[in-house]
Protein chains: 2
Amino acid sequence: MRPTVHDIAAEAGVSLATVDRVLNNRPGVRTVTRHKVERAIATLGYVRDVAAANLAKGRSYPLVFILPAGENSFMRGLEAEVRAAMARSAAERTDITILSVPAFDAPALAAALMEARERRPAGVAVVAVEAPEVTEAVKRLREDRIAVVTLVSDLPGSGRDHFAGVDNIAAGRTAGSLMGRFIGGREGAVAVVAGSMLVRDHRDRLEGFRAVMTEDFAGRCILPVIEGQDNPTLVEKLVGALLERQPDLAGIYSLGAGNRGLVAALEKAGREKTICAIAHELTPHSRAALVSGTIDALLNQNAGHEVRSAIRVLKAKADGLPVISAQERIRIDIFLKDNLPLEQA
Amino acid sequence: MRPTVHDIAAEAGVSLATVDRVLNNRPGVRTVTRHKVERAIATLGYVRDVAAANLAKGRSYPLVFILPAGENSFMRGLEAEVRAAMARSAAERTDITILSVPAFDAPALAAALMEARERRPAGVAVVAVEAPEVTEAVKRLREDRIAVVTLVSDLPGSGRDHFAGVDNIAAGRTAGSLMGRFIGGREGAVAVVAGSMLVRDHRDRLEGFRAVMTEDFAGRCILPVIEGQDNPTLVEKLVGALLERQPDLAGIYSLGAGNRGLVAALEKAGREKTICAIAHELTPHSRAALVSGTIDALLNQNAGHEVRSAIRVLKAKADGLPVISAQERIRIDIFLKDNLPLEQA
DNA sequence: GAATTTTTGATGTACGTAAATCAAAAATCT
DNA sequence: AGATTTTTGATTTACGTACATCAAAAATTC
């Protein structure tokens, strides 16, 4: 049976009050007494009942999510997942605030991080932009012992507690493997459409994609990257022009967002069945394009899993508890039209 | 702020004792009073604090997992996940028992279900075998209000509460899509290796695979199914013989277990690079074969996710709480060597 | 209206933990 | 050894809920 503070007191030969002082680092305990209690805790394998403690404390976990604004369907889906978590807040004792910043805007993001800091939350989850001022802001939060989780796009070197996102180099490699094999012996170059080289996830995906195409499909020509700023209108224009320049194009890898534009350009040119298109993130638009065959494979990161993971990690950090690693890894989902998950209402 | 039983009492103009009687369906409340309390509950949006209730009740959730014995790596992995959940039982208030039965043995499974019933658990999770006596046993448990979750292989028509597993028809379709595209224009037939047609998951996968090959790759010949009973030694023998009979074989879809045998036969014949092999379940052996290139793609269901899902659902059923559908869907993972998750220690 | 039955309320205890209070005991200082 | 300081223990209250007890109030029956 699970040991309680009463068992610790009996084992150590002290009172409940002393056990409480040791457990909660309150003053007024001699070192020799403290060691006695700590030994009893270790001997009995005592683990605090967090639910009981939270009940006693009336505790909740104030959390801040900092998300990019704009039309990016994936990010809107991510926001919907955060709002769903807000709806569950009474049961989960969370108190979630969303702060929005313009996409790819590092100064605004740094300012939002400082605003979040002023609220003194238990933790902050942020879709990062890799810039010195953002890294500095994250370090400030860490100095204040506010847990920080990067979401979707990481910020190496910032001291953040955890990254809730996929390994984007591996994602790019996966796209490369699928592209190479799906195209098979067919002739033609492959194009790459990115959002912005300012975010780490896009840079990593490109790196992985190029690595595999070079290693395993060395005869295949990779065209220079097109940057569409995750903007469907711009992407449609740029891809449209690409399709005119490249009558023999074999494939397109879209590693960012704005896939509405990609799909529209392919279909407008009547080449949706001849060009192999591999894109990222399952959204209503990309799902429809996968079902219709315009997109051949989608590489996805599960926004719901990422949000739940971020919350779990932030709560665990606030409680000083360990994180279950296996549960917090975000997988790279490969979707064909055959293994699509059920559509969410 | 979250309403409590005190708020219900005030809103309904009754005492705490009456609120408790209504909430817990205890006798001694007039109908008119009951309705007053129920209206107050609805008005205030009261949701029971399960953690507080469990603390008060000293409640735990006794659960029984019924798993097939044998060398099936996936099932051993599933068992490891259940044991990991047992290690977490103090924190999660579960009390988990594992019962083992011989693989594909319906009478033994039905007996194990009746044994589980005698323990009067909160719930039972079972890897099903589709047989009348198993269906009857599940119905008995349901009559006793014991929640039942089928794991990995479903049992339609049994009245079980939930299936924690993938859509196996879709899994077979996915395998068909990958097989067709990976083989591309190359000549040659495709073989299918199954474990047993006695389990629903295998039958469904075959159905899905055949459907896609017929729809999208109609020129491709599918050979008759080889049943290897999930036994690596038998699989190696049967596949070895197949490779001799079929010098131009283009691909093999292994929809069951025993993949050690498949890999060994392919490598022994020196045809691991020319035959496209698609298999199920990520295990140490299949992982190594995917990395080396003998297996071209793995379709996986996450055993950890399934076990955690089963526990969540069984606990929710025991508490009369709703199940979060999105969280309980088990995805069909597609793994190439590029998007393999980190290996678990 | 009196007797009987049912319903209701007030209260207490419990779960494990947090946190505070103050008297008593122990340790330290002079 | 006496004075002072520090440590410890006993106790109370709180969180939200479960569950039991029994007296009082209300409703029903004769």
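Below, chain A is the first sequence line, B the second, and so on; all start at residue 1. Note: hydrogens, waters and symmetry copies are ignored here, and every other heavy atom, side chains too, is used.
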For nucleotides 10-12 of chain D, print each protein N/O atom paired with a nucleotide N/O atom at under 3.5 Å, atom names and distance only.
none

Below 3.5 Å, can you tabulate the donor-acceptor pairs from side chains in residues 135-144 of chain B to any protein atom, sequence neighbours excluded?
{"residue": "B/T135", "atom": "OG1", "partner": "B/A131", "partner atom": "O", "Å": "3.3"}
{"residue": "B/R140", "atom": "NE", "partner": "B/E143", "partner atom": "OE1", "Å": "3.1"}
{"residue": "B/R140", "atom": "NH2", "partner": "B/E143", "partner atom": "OE2", "Å": "3.4"}
{"residue": "B/R142", "atom": "NE", "partner": "B/G159", "partner atom": "O", "Å": "3.3"}
{"residue": "B/R142", "atom": "NE", "partner": "B/D161", "partner atom": "OD2", "Å": "3.2"}
{"residue": "B/R142", "atom": "NH1", "partner": "B/I146", "partner atom": "O", "Å": "3.0"}
{"residue": "B/R142", "atom": "NH2", "partner": "B/D161", "partner atom": "OD1", "Å": "3.3"}
{"residue": "B/D144", "atom": "OD2", "partner": "B/R117", "partner atom": "NE", "Å": "2.7"}

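Under the salt bridge (Lys or Arg N to Asp or Glu O under 4.0 Å) criterion, A/R39 pairs with no residue, sequence neighbours left out. With sequence neighbours left out, A/E118 forms a salt bridge (Lys or Arg N to Asp or Glu O under 4.0 Å) with no residue at all. Listed by chain and residue number, B/A106, B/L109, B/V199 satisfy the side-chain contact (heavy atoms from CB on, under 4.5 Å) test with B/V129 (two or more places apart in sequence, or in another chain). With sequence neighbours excluded, the residues satisfying side-chain contact (heavy atoms from CB on, under 4.5 Å) with B/D167 are B/I169, B/A170. By the side-chain contact (heavy atoms from CB on, under 4.5 Å) test, A/P284 is found to be paired with no residue, residues two or more places apart in sequence or in another chain being considered. Considering only residues two or more places apart in sequence or on other chains, A/S158 meets the side chain to side chain donor-acceptor pair (under 3.5 Å) condition with none of them. B/R119 pairs by the salt bridge (Lys or Arg N to Asp or Glu O under 4.0 Å) definition with B/E115, not counting sequence neighbours.
For the contact set between residues 22-38 of chain B and DNA chain C, defined by any heavy atom under 4.0 Å, the members are B/G28, B/V29, B/R30, B/T33.
Residue B/T4 places none of its side-chain N or O atoms closer than 4.0 Å to OP1 or OP2 of D/dG16. Regarding contacts with the backbone of C/dG9, a side-chain N or O of B/T18 is found under 4.0 angstrom from either OP1 or OP2.
Sorted by first and then second residue, the side-chain hydrogen bond (donor to acceptor under 3.5 Å, both in side chains) pairs with a member in residues 25-35 of chain B read B/D20-B/R26; sequence neighbours excluded.
Position along DNA chain C of the nearest nucleotide to B/G13 versus A/A56 favours B/G13 as the more 5'-ward residue.
Backbone-only contact: B/V14 has heavy atoms under 4.0 Å from sugar-phosphate atoms and none from a base.
At its two ends the helix from C/dG1-D/dC30 to C/dT30-D/dA1 runs along axes set 30° apart, each axis drawn from five pairs and the angle rounded to 10°.
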